[in-house]
*Asks:* 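The structure's right below; bear with me while I get my questions together.
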Amino acid sequence: MAEIIIVPYAAAAGSLVADAIVRLIERNREAVLGLATGSTPLPVYQALEPRLKGIDVSRVRGFALDEYVGLDPAHPESYRSVIQREVVEPLGLDPALIRVPDGSLDGIEHAGEEYEEAILAAGGVDLQLLGIGTDGHIGFNEPGSSFASLTRVKTLTEQTRDDNARFFDSVDDVPRHCITQGLGTILRARHLVLLAFGAGKAEAVAGAVEGPLTASLPGSAIQLHPRATVVVDEAAASRLRFADYYRYTYENKPAWQAI
Ligand code: F6R
């Protein structure tokens, strides 16, 4: 099963995961990062910024999980813009080595396949950051997504559009379609790191970690992965049945065993 780490607040999760990413880059200057957008990964990116000072990141590569379809890439909330603003610029990465799925309508029917090829050509993702939607999605794999799915166009649920309306002027401006790495794509990454903060994520986290393996809760796919780490705050952990065991396990973790 996944390793579950319950932290007191989001910044603690950011530090923990940023340390793991720094170790990865120190081992491999050409590390391939799987990048998430939304609010959840921000503490990781913020913690990474000072930690990467003085470390050569010029060859680090990255693949975003998803993108809205039909949104102008120059729109401030396109994931291309978000990745540039929140990740590439502050961390000093080479923009030419950071990919985001192409959500432009022109050629969208081939964009998924091309993205899969690019990930494979890079040798696969070393560490994939994940958030989780209140409906249990990872990437934008909404309920019903196949565990074998690859990058493709999906329709966002109304719940996801409502959740993401905070980034736009109104919910009507949230695109209806997205292009997202599939659950099969995500499961190929060598290490999954799923983060979740706040009570609004508690049910999705419990379903993903302890619920049955089901396409109805796509986050449960992480149970199939041999190396998955879940880092949650107390509120997001509040529905976990075995929370005490996870705390005990983490407190008694051998010092040599990093996340
Ligand atoms: C973002 C992504 C989504 C988000 C999820 C949670 O690239 O793939 O799965 O991680 O919607 O969003 P936040 O973090 O904004 O609550």
Side-chain angles (χ1 to χ4, degrees), residues 9-11 13-14 17 33-46 62-69 71 73 75-88 98-103 112 115 119 125 127-145 149-168 171 174-187 189 192-205 207-208 215 217-222 228-233 235-236:
Y9 43 86
V17 176
L33 304 178
L35 303 166
T37 45
S39 306
T40 307
L42 296 180
V44 176
Y45 301 140
Q46 281 152 10
F63 289 90
L65 276 169
D66 37 26
E67 175 60 290
Y68 294 112
V69 167
L71 190 65
H75 187 289
E77 293 307 327
S78 78
Y79 285 167
R80 172 169 302 281
S81 299
V82 172
I83 289 284
Q84 180 67 24
R85 186 172 67 238
E86 310 283 5
V87 186
V88 173
I98 308 300
R99 300 265 310 238
V100 178
D102 186 353
Y115 204 62
I119 296 174
V125 169
L127 186 151
Q128 177 66 60
L129 290 173
L130 297 168
I132 187 163
T134 55
D135 66 359
H137 69 232
I138 54 173
F140 272 145
N141 293 281
E142 297 287 29
S145 295
S149 53
L150 301 178
T151 306
R152 71 227 182 282
V153 171
K154 289 289 289 181
T155 306
L156 296 171
T157 61
E158 284 303 308
Q159 190 172 329
T160 298
R161 292 183 67 239
D162 286 344
D163 286 346
N164 285 8
R166 68 189 192 281
F167 296 114
F168 293 83
V171 69
V174 184
R176 288 191 153 70
H177 295 99
C178 61
I179 174 166
T180 179
Q181 288 190 30
L183 294 174
T185 320
I186 292 170
L187 288 173
L192 302 183
V193 179
L194 186 147
L195 300 120
F197 309 119
K201 298 292 177 73
E203 202 178 323
V205 167
L217 202 146
S220 65
I222 65 165
T229 307
V230 175
V231 190
V232 289
D233 66 5

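We count ligands from 1, going down the list as the structure has it; atoms in each ligand are counted the same way.
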*Asks:* Find out whether Arg152 and Ser145 are in side-chain contact, i.e. whether some heavy atom of one side chain is under 4.5 Å from a heavy atom of the other.
*Replies:* yes

*Asks:* Determine, using ring centers only, whether Tyr68 and Phe167 are less than 6.0 Å apart.
*Replies:* no

*Asks:* Are Leu33 and Leu129 side-chain neighbours, meaning at least one heavy-atom pair lies under 4.5 Å?
*Replies:*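 No, every pair of side-chain atoms sits at 4.5 Å or beyond.
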
*Asks:* Can you list, by chain and residue number, every protein residue with a non-hydrogen atom closer than 4.0 Å to ligand 1?
*Replies:* Ala36, Thr37, Gly38, Ser39, Thr40, Leu65, Asp66, Gly131, Ile132, Gly133, His137, Gly139, Arg166, Lys201

*Asks:* Using a distance-only test with no angle check, is there a side-chain donor-acceptor pair under 3.5 angstrom linking Thr134 and Gln159?
*Replies:* yes

*Asks:* Is any side-chain heavy atom of Ser81 closer than 4.5 Å to one of His75?
*Replies:* no

*Asks:* Find out whether Thr157 and Pro143 are in side-chain contact, i.e. whether some heavy atom of one side chain is under 4.5 Å from a heavy atom of the other.
*Replies:*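 In contact.
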
